[in-house]
Each structure stands twice: as structure tokens, then as C-alpha cells.
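What follows is a short report on a single structure.
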Amino acid sequence: MRADDLRYLLAVARTGRLVSAADALGVDHTTVSRRITALEKTLGARLMERGTEGWGLTEAGRAVAESARAVEEALVRVVDAVSGQDAPSLHGTVRVSAPDGFGTVFATPALARVRRYHPRLRAELITATRQLSLRPAGFDLALAIGRPPRSRLVTEHLTDYALGLYAGAEYLARCGAPGSVAELREHPLIFYIESMLQVGDLDIERHLPGVTPAFSSTNVFAQLEATRLGAGIGVLPAFLAERAGLRRLLPDEVDIRLPIVLAVRREAVSHPAVRAVRDALHHEVARRADELLPRGSARTGDAHDTGGAGAGDTGGAGAGDAGGAVRDRRAGGR
């Protein structure tokens, strides 16, 4: 067995793609495929299987990868020792999947900070508001809204964030503000497309029963822009709406709290780059906790300072509770 073949196995396991693994290793994808096939032949076991979202490890592959990481880390230490570096260098590619809004506003600065200290590291951010896959592939670390399904991921609660009703000054001057949740039905609502929604915790019926969006989009930034332009009242994350200068409506009646879960593929848990990104994400949400959960439910309109304060809950294992919700008797809890 060639020990170097283990690096090829780990690269595909982390990215879920032959081409991405080849790019990280500086070879072509046919070389990656050939080396993994040779490793499987030597060991007499199938190590990888192809799924709908890319390549993943088999049970035998996970067992091999667990031991292979020690070999890979030893090789990195050898290179660092020769180059005279005291601290382990981070290199290669780390791919993060995150919801559109949270990924842009919180994951991006976290990744940028890691790269400032480790310029050899390549960061890739995929943004889409979707459920975590039961058969994870194509990322090293994922951020998702709500409780994840049972899968081969190692998950932990990263933070909670608040959503509320928001409107622009022009809309309020033209249409007025609802005085209750019941009056909300007389106003056009802006939210996700129900038939295309991939995250159950964002189902509007759970939070505002009987209210149907008049303007819908799969992208939260389109929802934000539609609200800013006066198309209606948006159900928006506070960390986006308050930065845009929108006014909070019915804060005591509608205060939705949802968790953000951080998930890592088991084969990537001990990878130094993944650990560095995880730590940077925890730091980012702790530093800016007031943006995620603004203090005081009656906050209105002013663009919020992005400096933030307060530590927030960045620890714990497990997905967290999708607690909080609409504080309206008809809406029920989460």
C-alpha cells in the first residue's frame, strides 16, 4: 500500500468531488480516481460510493480515513519542520455551506479572517437555504437552520437568531402599520416560496397561521429588497432588516427565534483548517450577538451597529431547540 494514496482518499472524502479533490492536490481528476481505485484493490474493500450529491465514504472507507488523518497530519508536520515554521500551516481547500443571509453576513467575515492568518488556505462558500442532507457530500462544514436530520454529521448548536416583521418608511406612509396579527392579513406579506421551501422551520404556517405571502422568493436578499422597495411587510432576520434601516412591527406579538446548527462531516472533524473555520464562526457570532438577537423587542428602524456585544451561547452539542416563535395565541409555539 502506498501511504500517499491515503491523501487522495481524504481529499475526495472532504470535498465529495473528484475534480475539487484534484484541484486541492494539484493533479487531474483521473489521477485521483486511479489512485483511489489502486488503494481499494490493495485493501480489498470498497472505500467510496457515489451518491446524488457526490462521493462519500463507505463504512470501510470511514475506518480507513480515521487512521489516514494521522498520516496526513504527520506529513504536514514534516513539511513545517523543514520550512522552519513553529505553528502548523493551513493549506488546501475548506468548503463551507450556509444559508444565503447568514453565510454572507457572518460566515464570510469569519472565512476572511482565517485567510488573513493562513493565506495558503483556499476558502469556498456555498450559499443556499436548504436542509442538511441525510447523505452529506460536497462540503467540509455546513451551517443550517433548525434541527438537522439524523445523518453522518457531527452537529452542534452555533447560535439562535431572531426574525420579525419589518417594513420600509414609504410602505408605512402609504399603507399604515397593522395594529395586530389579525390585521396583518390585510397587508401583503413577503417571505419564502412555500412550495419550494427546503427548511421546515421556516414554514410560515408554523409562525403565522392563515397568512399567505403575496411576494415570495427563494432568496432572502430578494425578500429584503422587496421590503425595502415597499412591496409589503417582510418576515426577515433582524441582522439583515435592521442594517437596512427597516422598521420593526408588532415586536411583542411576532418574535421568531430559530437555531443555526454547525455540522461537520465526520471525516473532516479533526482537520486543522476545519477546526480553524469552526473557531472563527464561534468567535464571529459571539462578538456580534446583539445583531442576531437584538436586545429589547421594541427596537425600530435604525441601522444596527455591526460591532455587537455579548457572548451568546456558542457551546453545547446537539441541534438546539427551535424555541421562541410568534407570541400570538393563534400562532402556537415552536
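Since this is a predicted model, take the numbers as computed values, not measurements.
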- Do the non-hydrogen side-chain atoms of L208 and L165 ever get within less than 4.5 Å of each other? yes

- Any donor-acceptor N/O pair, Q223 side chain to S217 backbone, under 3.5 Å: yes

- Query: Is V12 linked to L43 within one hydrophobic cluster, defined over Ile, Leu, Val, Met, Phe, Trp and Tyr using a side-chain heavy-atom separation of less than 4.5 Å?
  - Reply: yes

- Query: Hey, is the main chain of W55 close enough, under 3.5 Å, to the side chain of R50 for a donor-acceptor pair?
  - Reply: no

- Roughly how far, to the nearest 0.5 Å, is the CD1 atom of I36 from the CZ atom of R7? 12.0 Å

- Task: Provide the closest heavy-atom pair for A222 versus F215 in the form atom of the first, atom of the second, distance.
- Result: O-CE2, 4.3 Å

- Task: Check whether any side-chain heavy atom of D203 sits under 4.5 Å from a side-chain heavy atom of Y192, and report yes or no.
- Result: no

- Side chains of T129 and T218: closer than 4.5 Å at any heavy-atom pair? no

- Message: Run the ring pair (Phe, Tyr, Trp, His ring centres under 6.0 Å) test against F106 and tell me which residues pass, sequence neighbours left out.
- Response: F102, F239

- Between L189 and I204, is any pair of side-chain heavy atoms under 4.5 Å apart? yes

- Dump the intermediate steps for side-chain contact (heavy atoms from CB on, under 4.5 Å) on V96 and I126, then the final yes or no. CA-CA 6 Å; V96 178; I126 303 170; over 6 Å; no

- Give a yes or no answer on whether the side chain of H118 reaches the backbone of R120 with a donor-acceptor pair at less than 3.5 Å. no

- Message: Checking the side chain of D140 only, and the main-chain atoms of R95 only, is there a donor and an acceptor separated by less than 3.5 Å?
- Response: yes

- Non-hydrogen atoms of E253 and V181 that approach each other most closely: CB-CG2, 3.8 Å

- Task: Check for a donor-acceptor pair, side chain of T58 on one end and backbone N or O of L47 on the other, with a separation under 3.5 Å.
- Result: yes

- Query: Shortest non-hydrogen contact from P178 to L250?
  - Reply: O-CD2, 3.6 Å

- Task: Would you name the heavy atoms of A263 and L153 that are closest together and state the gap between them?
- Result: CB-CD1, 3.9 Å

- Message: So P99 and L143, do their side chains get closer than 4.5 Å, heavy atoms only?
- Response: yes

- Distance col, row R62:CZ vs L9:CG, nearest 0.5 angstrom, shows 11.5 Å

- Query: Should the pair E170-R228 be classified as a salt bridge under the 4.0 Å nitrogen-to-oxygen rule?
  - Reply: no

- Closest heavy-atom pair and its distance - L224, A241: CD1-CA, 4.1 Å

- Task: Of all the heavy-atom pairs spanning L281 and A110, show the shortest one and how long it is.
- Result: CD2-CB, 3.9 Å

- Query: Are R257 and D255 ion-paired here, with the side-chain N under 4.0 Å from a carboxylate O?
  - Reply: yes

- Note on the structure: Only one of I190, L163, T227 passes side-chain contact (heavy atoms from CB on, under 4.5 Å) with L236, and that residue is T227

- Query: Just by modelled atom types, is the M48 backbone N or O under 3.5 Å from a matching donor or acceptor in the R46 side chain?
  - Reply: yes

- Message: So that I can tick it off, tell me whether R34 and D5 are bridged by a salt bridge, with the cut-off set at under 4.0 angstrom between side-chain N and carboxylate O.
- Response: no

- Task: Report the C-alpha separation of E124 and V94 in whole Å, then their side-chain angles, then the decisive distance to 0.1 Å, and conclude whether the side-chain contact (heavy atoms from CB on, under 4.5 Å) test is met.
- Result: CA-CA 6 Å; E124 297 179 348; V94 60; over 6 Å; no

- Could you go step by step and tell me if L125 and L111 meet the side-chain contact (heavy atoms from CB on, under 4.5 Å) rule? CA-CA 9 Å; L125 176 62; L111 290 170; 4.1 Å; yes

- Task: For Y166 and E242, test the side chains for any donor-to-acceptor distance below 3.5 angstrom and give the result as yes or no.
- Result: yes

- Is a side-chain donor or acceptor of R206 paired with a backbone partner of G200 at a separation under 3.5 angstrom? yes

- Query: Are side-chain heavy atoms of V235 and L202 found at a separation under 4.5 Å?
  - Reply: no

- Distance-only, no hydrogens or angles: does the H207 side chain make a donor-acceptor pair with backbone N or O of D201 under 3.5 Å? yes

- Task: Going by the side-chain contact (heavy atoms from CB on, under 4.5 Å) test, name the single residue among V32, T31, T37 that passes it with R35.
- Result: T31

- Query: Under the 3.5 angstrom rule, does the side chain of R174 hit a backbone N or O of G230 as a donor-acceptor pair?
  - Reply: yes

- Query: Does a sphere of radius 6.0 Å around CD in E194 hold more than 12 heavy atoms from other residues, nucleotides or ligands, not counting ones at 6.0 Å or beyond?
  - Reply: no

- Do I145 and V154 share a hydrophobic cluster (ILVMFWY, side-chain heavy atoms under 4.5 Å, transitive)? yes

- Message: When you measure from the side chain of R115 to the backbone of L121, do you find a donor-acceptor pair of N or O atoms at a distance under 3.5 Å?
- Response: yes

- Item | Pairwise distance CZ(R288) to CD(E284) - rounded to 0.5 angstrom | 5.0 Å

- Task: Compare all side-chain heavy atoms of H157 with those of V261 and state whether any distance is below 4.5 angstrom.
- Result: no

- Other residues, nucleotides, ligands: >12 heavy atoms within 6.0 Å of F221 CZ: yes

- Task: Applying side-chain contact (heavy atoms from CB on, under 4.5 Å), run through T155 and L262 and close with a yes or a no.
- Result: CA-CA 6 Å; T155 63; L262 187 154; over 6 Å; no

- Is there side-chain contact between E205 and V211, with heavy atoms separated by less than 4.5 Å? no

